[in-house]
Amino acid sequence: MTLRLYNTLTGQLDALEPADGKALRMYACGPTVYDYGHIGNFRTFLEVDVLRRFLRLSGMVVRHVKNITDVDDKIIRNAAVAGVPIGEYTRQYVDAFFEDLESLRVERPETIARATEHIPQMVGLIEKLAAAGAAYKAEDGSWYFRLAAFPEYGKLSKKDLSGMEDGARVDVDEYEKDSARDFALWKAPKPGETSWETVIGSGRPGWHIECSAMAMEYLGETFDLHCGGEDLMFPHHENEIAQSETATHKPFARHWMHVRFLLVDGRKMSKSEGNFYTPRDLLLKGFKASAIRLALISVPYRHPLNFTFDSLTDASKAIDRLRTFRVRLAAGVFAAGEHPAMQEAAAKARQEYLEALANDLNTADAMAPVFELVRAANTAIDRGQFFAGDREAILPVLADFDAVFDVLEDRDAEPTRRAIEWAKATGRVSEVAPELLAAQSLSDEAIEALVAERTAAKKARNFARADAIRNELAEMGVILEDSRDGVRWKRK
RNA sequence: GGCGCGGUACCCAAGUGGUAAGGGAGAGGUCUGCAAAACCUUUAUGCGCCGGUUCGAUCCCGGCCCGCGCCUCCA
């Protein structure tokens, strides 16, 4: 099914297809690793994950490049304060980033490109711009892009900068620019700063140049899709377009996708507002990784997402409903045959699910038919009108759902365990929810033993003892469900 | 000031020019030793407010109110 995706460049829904008819080449702006990623960052990465997963579910081959900005002013400053080389400083955050992506089950792109490993490509691009007269070197050795060289500047963000007077907002640090809006391609080092010796001089790359250089390195001068958070639209992406298209005289990305911001309690998340959360913070509070994932992707990417703790609780319960249903299907014993109505319901749900996603990745709309199918199937099972063939019709629908949403399999213990380990290692144990520590201390074997004891007590009609065990487990965050096929338990 | 977005039930949140998906929560019921899970019933004559277009508007147009984002580093 062809995805119709909003294209910032054209302002409309455009079909997203590989220009070469083979593989969809996409570039997504990744993190600047000067600190732990927060849920706002991860919303963007998760939405891009939804995109690539849907494309793959549709049978498309995807070549996805994600960059890691491992050199910039903040990194240099923070590393200097810590008294370590920038590579050492960023390593902890790069590692943490990948760990968080794994916790949130974000698929790994085909290529991860680190800025510090592509300095020659960036220098090459700057030389090319210089040769074309679009880049110039300032007295201190910094290089700037001459905005006047690219008349189409502003076409992505629809900004008309013609009225902007030169010098109206001159940054005092950048007095050497020819024009106030010219942006840095290469920054000359201040004393003691990390720098590279290159043919264009000593220094470090400006931010925008890395994405142009790396995207072209792996995807070619023109590629299919460029993604990022809405804040990157201007000036970052606009600058990428300017420098890339000036250098190649070819369109840079054909399609641009921008993920809207996540808000917390209706406000932009920021450290100073005190509403700033990382996935780790939430795991330590006792929220499951799968709930974080679902909460962050269940609102379509083009709408602002208002994050609240309630949204996590809601997501967690929704996941429980789906997981419980799947276990019921898997564990149930059904007679051979099938029910026409159920078969039809499954086919309809799958169709509606795929159509919703194909319509600009409307995840909220996509979930509805899946839940409707769950209810229909539960009802049929309750009434004994559900057959083995119906299960076979429904399981693929759940599989398609999970190919994108990826929350049905319970893999929540590991991210939580990792977060607790991290908290212990970094002196944050006080931030760990007490019930989480209690639950962690209870092994699966210990739970099984208590469940067995309770079952025995029930058989002896010693309900007081049975209930006592159930309550004890409940306090440790373990929920029991009696069923005809035996007792099921799960961690809350 | 410029650009843009949103205001749908108790909460979250889709959606369509023809009469409001889904999730969570609440209430009542079925089932159960009791629970849990599941199911059934129930919860917006209403989609910020006021006009207009239309046979008909939550959805189109205009005005207004409220909230938010970007325009500077930022996912």
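In what follows, every chain begins at residue 1, and chains take the letters A, B, ... in the order their sequences are listed.
- Closest approach to the A/L263 side chain among B/rC5, B/rC68, B/rC74 is made by B/rC68 (side chain taken as heavy atoms from C-beta onward).
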- Where along nucleotides 19-35 of chain B does protein come under 4.0 Å, by heavy atom, of base (B) or sugar-phosphate alone (S), with - for untouched nucleotides? --BSBSS-------BBB
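- Here the side chain of A/R260 is nearest to one of B/rG69, B/rA75, B/rA14, namely B/rG69.
- If you take atom C1' in B/rG46 and the same atom in B/rU8, they sit 9 Å apart, rounded to whole Å.
- Summarising the base pairing, B/rC60 is matched to B/rG52 through a Watson-Crick or G-U wobble pair whose two defining distances lie under 3.5 Å.
- Annotation: B/rA44 and B/rC10 have their C1' atoms spaced 12 Å apart (nearest Å).
- Under the 4.0 Å criterion applied to side-chain N and carboxylate O atoms, A/D444 and A/R491 are assigned as salt-bridge partners.
- In the set B/rC39, B/rC68, B/rA75, the nucleotide with an atom closest to the side chain of A/T379 is B/rC39.
- With ring centers used as reference points, A/H339 lies 6.0 Å or more from A/F386.
- In a base pair of the Watson-Crick type (N1 to N3 plus N6-O4 or O6-N4) or a G-U wobble (N1-O2 and O6-N3), with each distance short of 3.5 Å, B/rU42 is matched with B/rG26.
- Between A/D73 and A/K187 a salt bridge is recorded (basic side-chain N to carboxylate O distance below 4.0 Å).
- B/rU58 and B/rU19 have their P atoms separated by 12 Å, with the value rounded to a whole Å.
- Considering only the side chain of A/K74, B/rC73 comes nearest among B/rC68, B/rG15, B/rC73.
- Taking atom C1' in both B/rU54 and B/rG22, one finds a spacing of 31 Å when rounded to whole Å.
- Donor-acceptor pairing under 3.5 Å, judged by distance alone, is present between the side chain of A/K268 and the base of B/rC74.
- As the counterpart of B/rU32, no nucleotide is assigned, since no Watson-Crick or G-U wobble pattern has both distances under 3.5 Å.
- Nucleotides B/rC47 and B/rA9 have their C1' atoms positioned 10 Å apart, rounded to a whole Å.
- Across the P atoms, B/rC61 and B/rC40 are found 40 Å apart, a figure rounded to whole Å.
- B/rG51 and B/rC39 have their P atoms separated by 44 Å, given to the nearest Å.
- Within the 4.5 Å cutoff, the side chain of A/F405 has heavy atoms near those of the A/T363 side chain.
- Taking atom C1' on both B/rG18 and B/rG69, the two are 35 Å apart, rounded to the nearest angstrom.
- For the pair A/R470 and A/D467, the salt-bridge criterion is met [side-chain N within less than 4.0 Å of a carboxylate O].
- Residues A/D406 and A/R293 are not paired through a salt bridge, judged by the lack of any N-O separation under 4.0 Å between the basic side chain and the carboxylate.
- Look at A/N378 and you'll find a side-chain N or O under 4.0 angstrom from OP1 or OP2 of B/rC39.
- A salt bridge is absent between A/E193 and A/R77; no separation between the charged side-chain nitrogens and carboxylate oxygens falls under 4.0 Å.
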